[in-house]
Amino acid sequence: TITWSVVPAIAGSVLIQNDENTQIQWNNWSGNAQIIVEVELCGNISSESITVPVNQPMVPVITQTGVLCTGSNATLSTTLPFSSYDWSTSDTGPTTLISSQGNYSVTTIDSNGCEATSSFDANEFPGPTALISTGNSTTICLSNPHTVTLIAQFNANYSYHWYCGG
């Protein structure tokens, strides 16, 4: 009889156990686990064990640098360093340059050899909307001053430049 087990039990469990193949399901747990095999033959028991590290993958977090507007680019990057990167844009480094909105993903391999994937929705910002109003009259006479109201759409990612006397 051959018996396989995982210690501690919280680390995982044996799903399939037979003479040739054994399948272990690992749980969402990190640490060192022991895989133990016991063989019983003719009343004698022999056992062997191996300690294996069980690691959870470091999941990449994608951040965007720059504002994605029509005709401009932004950069996506991961917050942690990884051993390997595979972006949906085909880039293989820690950053990727994007020029249009959409869903982007990166698959990484961490220093333990564990693989994880994350995705990011990049949205393109529309250009600002400007409106110039002179009140009731569309003619400004210097002898009868008018107030001109300039309104620009507010967004923390916009910068404004007002010019006077041009």
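Excluded from the calculations below are hydrogen atoms, water molecules and symmetry mates; all remaining heavy atoms, backbone and side chain alike, are included. Here the structure is a predicted model, which is why all the values come from computation and not from measurement.
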At what distance, to the nearest 0.5 angstrom, does [atom1] of [X] lie from [atom2] of [Y]?
X: Ser72; Y: Ile98; atom1: OG; atom2: CD1; answer: 9.5 Å
X: Ser77; Y: Gln64; atom1: OG; atom2: CD; answer: 9.5 Å
X: Thr63; Y: Leu76; atom1: OG1; atom2: CG; answer: 7.5 Å
X: Ser13; Y: Gln23; atom1: OG; atom2: CD; answer: 10.0 Å
X: Gln56; Y: Cys114; atom1: CD; atom2: SG; answer: 7.5 Å
X: Trp4; Y: Leu15; atom1: CH2; atom2: CG; answer: 14.0 Å

Closest approach of [X] and [Y], non-hydrogen atoms and distance?
X: Pro60; Y: Thr78; answer: CB-CG2, 3.9 Å
X: Leu68; Y: Ala74; answer: CD1-N, 4.1 Å
X: Ala33; Y: Ala11; answer: CB-CB, 3.8 Å
X: Asn27; Y: Ala9; answer: ND2-O, 4.0 Å
X: Phe82; Y: Ile109; answer: CB-O, 3.5 Å
X: Val59; Y: Ala116; answer: CA-CB, 4.0 Å

With distance as the sole test, does [X] use its side chain to make a donor-acceptor pair with the main-chain N or O of [Y] at under 3.5 Å?
X: Asp110; Y: Met58; answer: yes
X: Thr95; Y: Thr75; answer: no
X: Trp87; Y: Gly93; answer: yes
X: Glu48; Y: Ile36; answer: no

State which residues pass side-chain contact (heavy atoms from CB on, under 4.5 Å) with Leu41; sequence neighbours excluded, sorted by chain then number.
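Result, side-chain contact (heavy atoms from CB on, under 4.5 Å) vs Leu41: none returned.
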- Message: Could you check whether Glu124 and Thr70, counting side-chain N and O atoms only, form a donor-acceptor pair closer than 3.5 Å?
- Response: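 A donor-acceptor contact under 3.5 Å links the two side chains.
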**Request:** Give a yes-or-no answer on whether the side chains of Thr89 and Thr96 include a donor-acceptor pair shorter than 3.5 Å.
**Result:**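 Judged by distance alone, the side chains do pair up.
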Between [Y] and [X], is there a side-chain heavy-atom distance shorter than 4.5 Å?
X: Val37; Y: Ile2; result: yes
X: Ile24; Y: Val6; result: yes
X: Val52; Y: Asn32; result: no

Let me check something: do [X] and [Y] share a hydrophobic cluster, defined by ILVMFWY side-chain heavy atoms less than 4.5 Å apart, either directly or through other members?
X: Val14; Y: Val7; value: no
X: Ile16; Y: Trp26; value: no
X: Phe120; Y: Leu80; value: yes
X: Trp29; Y: Ile35; value: yes

Return yes when atom CD1 of Ile10 has more than 12 non-hydrogen atoms of other residues, nucleotides or ligands closer than 6.0 Å, and no otherwise.
->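 12 or below, so no.
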What pairs with Asp121 under side-chain hydrogen bond (donor to acceptor under 3.5 Å, both in side chains), at least two apart in sequence or on another chain?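 Per chain and number, Asp121 pairs via side-chain hydrogen bond (donor to acceptor under 3.5 Å, both in side chains) with Asn103.
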_Apply side chain to side chain contact (heavy atoms under 4.5 Å, CB included) to residues Val39 and Thr1 and explain how you reach the verdict._
CA-CA 6 Å; Val39 179; Thr1 306; over 6 Å; no
Exercise. Walk me through it: do Glu115 and Thr108 pass the test side chain to side chain contact (heavy atoms under 4.5 Å, CB included)?
Key: CA-CA 6 Å; Glu115 183 178 290; Thr108 57; over 6 Å; no
